[in-house]
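When a residue number appears, it is its place in the shown sequence, counting from 1. Keep in mind that what you see is a predicted model, and the values were worked out from it rather than measured.
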Amino acid sequence: EYQYGIEKLKKFIQDNLKYPDSLKANNLSGVVYVSLLIDIDGSIKQMNILRGFNPEADMEALRVLRMTNKNWKPGERNGKKVATEIIIPVKF
């Protein structure tokens, strides 16, 4: 989970997301689903677009989520930290 909580993550994304001009010009909106693999140290080990809707929006979603690196709590199994995959929807 995001170390500051889900509401702070939503606000961070909202404050830092730059709506691509091509989407504005064509009045496009949608959601980009991004998979994050959170390592045991709380950093993002891997990011993948699971489902995008526009290449510029996909790249912007990745850019903003990269800014959250090192701000995650890893998962735990049997009291031991483990790498964990989460999925974040980024709305445009």
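Sorted by first and then second residue, the ring pair (Phe, Tyr, Trp, His ring centres under 6.0 Å) pairs with a member in residues 65-91 read Tyr2-Trp72; sequence neighbours excluded.
Rounded to the nearest 0.5 angstrom, Ile86 CD1 and Glu1 CD are separated by 9.5 Å. To the nearest 0.5 Å, atom NZ of residue Lys8 and atom OG1 of residue Thr68 are 15.0 Å apart. One distance of note links NZ of Lys11 with CD of Glu7; it measures 11.5 Å at 0.5 Å rounding. From Lys10, atom NZ reaches atom CD1 of Ile88 across 10.5 Å, with rounding to the nearest 0.5 Å. Atom CD in Glu60 sits 9.0 Å away from atom CG in Asn16 (nearest 0.5 Å).
At a threshold of 4.5 Å between side-chain heavy atoms, the hydrophobic network of Ile, Leu, Val, Met, Phe, Trp and Tyr places Ile87 and Val31 in one connected group. Tracing side-chain contacts under 4.5 Å through hydrophobic residues (I, L, V, M, F, W, Y), one reaches Met59 starting from Val90; they form part of the same cluster.
Across all non-hydrogen atoms, the minimal contact from Ile49 to Asp58 is CD1-O, 3.7 Å. Among all heavy-atom pairs drawn from Ile13 and Leu65, the shortest one is CD1-CD2, 4.0 Å. The two residues Ile40 and Ala83 come nearest to each other via the heavy atoms CG2-N, 3.7 Å.
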Donor-acceptor contacts under 3.5 Å from residues 32-39 side chains, at least two apart:
unit_1, atom_1, unit_2, atom_2, d
Ser35, OG, Glu85, OE2, 2.4

Side-chain donor/acceptor pairs under 3.5 Å, residues 17-29, sequence neighbours excluded:
unit_1, atom_1, unit_2, atom_2, d
Tyr19, OH, Leu28, O, 2.2
Ser22, OG, Glu56, OE2, 2.5
Asn26, ND2, Ser22, O, 2.9

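The environment of CZ in Arg63 is crowded: more than 12 heavy-atom neighbours from other residues, nucleotides or ligands sit within 6.0 Å.
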* Can you list the steps and then say if Tyr4 with Phe12 is a side chain to side chain contact (heavy atoms under 4.5 Å, CB included)? -> CA-CA 10 Å; Tyr4 305 112; Phe12 179 85; over 6 Å; no

